[in-house]
Trainee: 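My structure is below; once you've seen it, I'll send some questions.
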Amino acid sequence: FSGTPYKRGIAESLRTLSRLHVYDGNYEHALSQALESLTILEEEKLPELMGGVLYTIATSYLTLGNLSLSLDYYLKQLEISEAINDKQEYAMALLGLSNLYADMDDFASSLAYAEQSLAAFQVVDEPYWRALLMNNICYSHFQLKDYDRALDWGQRCLDYCRRYGISRI
């Protein structure tokens with residue numbers, strides 16, 4: 001036992017470090033550590049830990065401009081989270097897909113994924129993500145020139161943020 005590394009712990013540490021690098025804006029380093037974590041998680045057959053890592057990989061690729069690989073990893077996150085019934089990671093994958101399509105200026109697709117994600121977050125107690133999605137839905141309606149719906153969703157978002165004390169989205 002003493003000679004065998006605790007691979008799950010290493011993978012979780014890499015996952016955490018990769019998220020910190022995302023928050024710090026160092027996407028290439030985040031990507032490197034997240035991919036290393038994913039390799040370990042796949043080898044150790046730990047799909048329950050893959051969702052956050054896949055989200056980090058997809059988000060990093062999105063930010064670095066590789067939309068094709070970003071799409072691949074969001075879809076993989078969606079598939080795995082659905083297979084293991086991880087409702088939060090499923091909702092996050094849909095959020096990621098919404099962000100990806102918004103970056104491609106496909107606001108109809110972005111809106112569809114955002115609405116699915118918001119519905120999925122109804123069973124997950126994450127007020128911040130719900131507020132962010134309401135804001136994204138507002139923005140998509142605005143980009144689609146559906147100003148009445150944009151205003152409606154903007155007001156819903158504002159009311160929701162006030163109710164839950166959310167000061168940043």
Side-chain angles (χ1 to χ4, degrees), residues 15-16 18-31 34 38 48-169:
R15 177 186 63 185
T16 300
S18 69
R19 284 310 300 167
L20 292 174
H21 287 296
V22 165
Y23 299 141
D24 190 37
N26 189 343
Y27 299 103
E28 290 184 10
H29 204 93
L31 186 57
L38 182 60
E48 68 275 10
L49 300 177
M50 289 181 190
V53 173
L54 292 165
Y55 188 83
T56 297
I57 294 168
T59 300
S60 295
Y61 277 130
L62 175 63
T63 305
L64 293 169
N66 192 329
L67 303 183
S68 177
L69 281 175
S70 179
L71 176 62
D72 290 346
Y73 281 96
Y74 282 133
L75 291 174
K76 187 171 183 176
Q77 179 189 12
L78 191 66
E79 178 186 332
I80 289 173
S81 62
E82 191 171 30
I84 64 171
N85 198 30
D86 186 331
K87 295 181 185 330
Q88 179 162 339
E89 292 303 332
Y90 182 78
M92 290 298 294
L94 292 167
L95 169 63
L97 288 165
S98 175
N99 292 337
L100 172 70
Y101 281 99
D103 275 15
M104 296 178 353
D105 293 332
D106 181 351
F107 292 101
S109 295
S110 176
L111 178 61
Y113 280 114
E115 289 171 339
Q116 290 177 59
S117 182
L118 184 60
F121 268 116
Q122 296 307 320
V123 297
V124 180
D125 186 27
E126 293 285 348
Y128 168 79
W129 294 115
R130 282 190 225 138
L132 179 70
L133 282 156
M134 287 181 210
N135 185 69
N136 291 0
I137 290 169
C138 168
Y139 184 72
S140 290
H141 280 300
F142 177 79
Q143 290 297 321
L144 293 167
K145 300 187 182 345
D146 189 345
Y147 301 119
D148 288 338
R149 284 193 176 156
L151 286 170
D152 179 56
W153 277 100
Q155 187 62 51
R156 285 188 205 184
C157 181
L158 177 61
D159 294 345
Y160 186 86
C161 288
R162 286 179 173 159
R163 184 172 345 130
Y164 289 96
I166 298 167
S167 60
R168 179 189 70 86
I169 52 172

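The model shown is predicted, which means the values in this text are computed figures rather than measured ones.
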Trainee: Quick check: do Thr56 and Arg15 have side-chain heavy atoms less than 4.5 Å from each other?
Mentor: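 Not in contact.
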Trainee: One pair to check against salt bridge (charged side-chain N to carboxylate O under 4.0 Å, His left out): Asp152 and Arg156. What are the steps and the verdict?
Mentor: CA-CA 6 Å; Asp152 179 56; Arg156 285 188 205 184; 3.0 Å; yes
Trainee: Can you find a pair of side-chain heavy atoms, one from Phe121 and one from Met92, that are under 4.5 Å apart?
Mentor: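 With C-beta onward as the side chain, the pair touches.
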Trainee: Return yes if a side-chain donor-acceptor contact under 3.5 Å exists between Ser98 and Ser110, otherwise no.
Mentor: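 Yes, a side-chain donor-acceptor pair sits under 3.5 Å.
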Trainee: Is the closest side-chain heavy-atom distance between Ser18 and Val53 below 4.5 Å?
Mentor: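 SC-SC contact between Ser18 and Val53 ruled out.
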Trainee: Crowded around Glu28 CD? As in, over 12 foreign heavy atoms under 6.0 Å?
Mentor: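 No, CD of Glu28 has 12 or fewer neighbouring heavy atoms, counting only those of other groups under 6.0 Å.
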Trainee: Is any side-chain heavy atom of Arg130 closer than 4.5 Å to a side-chain heavy atom of Asp125?
Mentor: yes
Trainee: Does a side-chain heavy-atom distance below 4.5 Å link Asn99 with Asn136?
Mentor: yes
Trainee: Within the 4.5 Å heavy-atom criterion, are Tyr160 and Met134 side-chain neighbours or not?
Mentor: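 Answer yes - side chains close enough.
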Trainee: Quick one: do the Tyr101 and Ser140 side chains pair a donor with an acceptor below 3.5 Å?
Mentor: no
Trainee: Within a radius of less than 6.0 Å around CD of Glu79, do more than 12 heavy atoms belonging to other residues, nucleotides or ligands occur?
Mentor: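 Counting other residues, nucleotides and ligands, CD of Glu79 stays at 12 neighbours or fewer.
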Trainee: Tell me, do Leu97 and Leu71 make a side-chain contact under 4.5 Å, heavy atoms counted?
Mentor: yes
Trainee: Quick check on Phe142: does its CZ atom have over 12 non-hydrogen neighbours (other residues, nucleotides or ligands) under 6.0 Å away?
Mentor: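 Incorrect, the count does not exceed 12.
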Trainee: side-chain hydrogen bond (donor to acceptor under 3.5 Å, both in side chains) between Thr59 and Tyr73: does it pass, once the steps are laid out?
Mentor: CA-CA 9 Å; Thr59 300; Tyr73 281 96; over 6 Å; no
Trainee: Where does the angle between the aromatic ring planes of Tyr139 and Phe107 fall among parallel (under 30°), tilted (30 to 60°) and perpendicular (over 60°)?
Mentor: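 Rings of Tyr139 and Phe107: perpendicular, over 60°.
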Trainee: Among Glu89, Glu82, Lys87, whose side-chain contact (heavy atoms from CB on, under 4.5 Å) with Asn85 holds?
Mentor: Lys87
Trainee: Between Leu95 and Tyr55, is any pair of side-chain heavy atoms under 4.5 Å apart?
Mentor: yes
Trainee: Does atom CZ of Arg149 have more than 12 heavy-atom neighbours from other groups under 6.0 Å away?
Mentor: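 For Arg149, atom CZ is not crowded (no more than 12 foreign heavy atoms under 6.0 Å).
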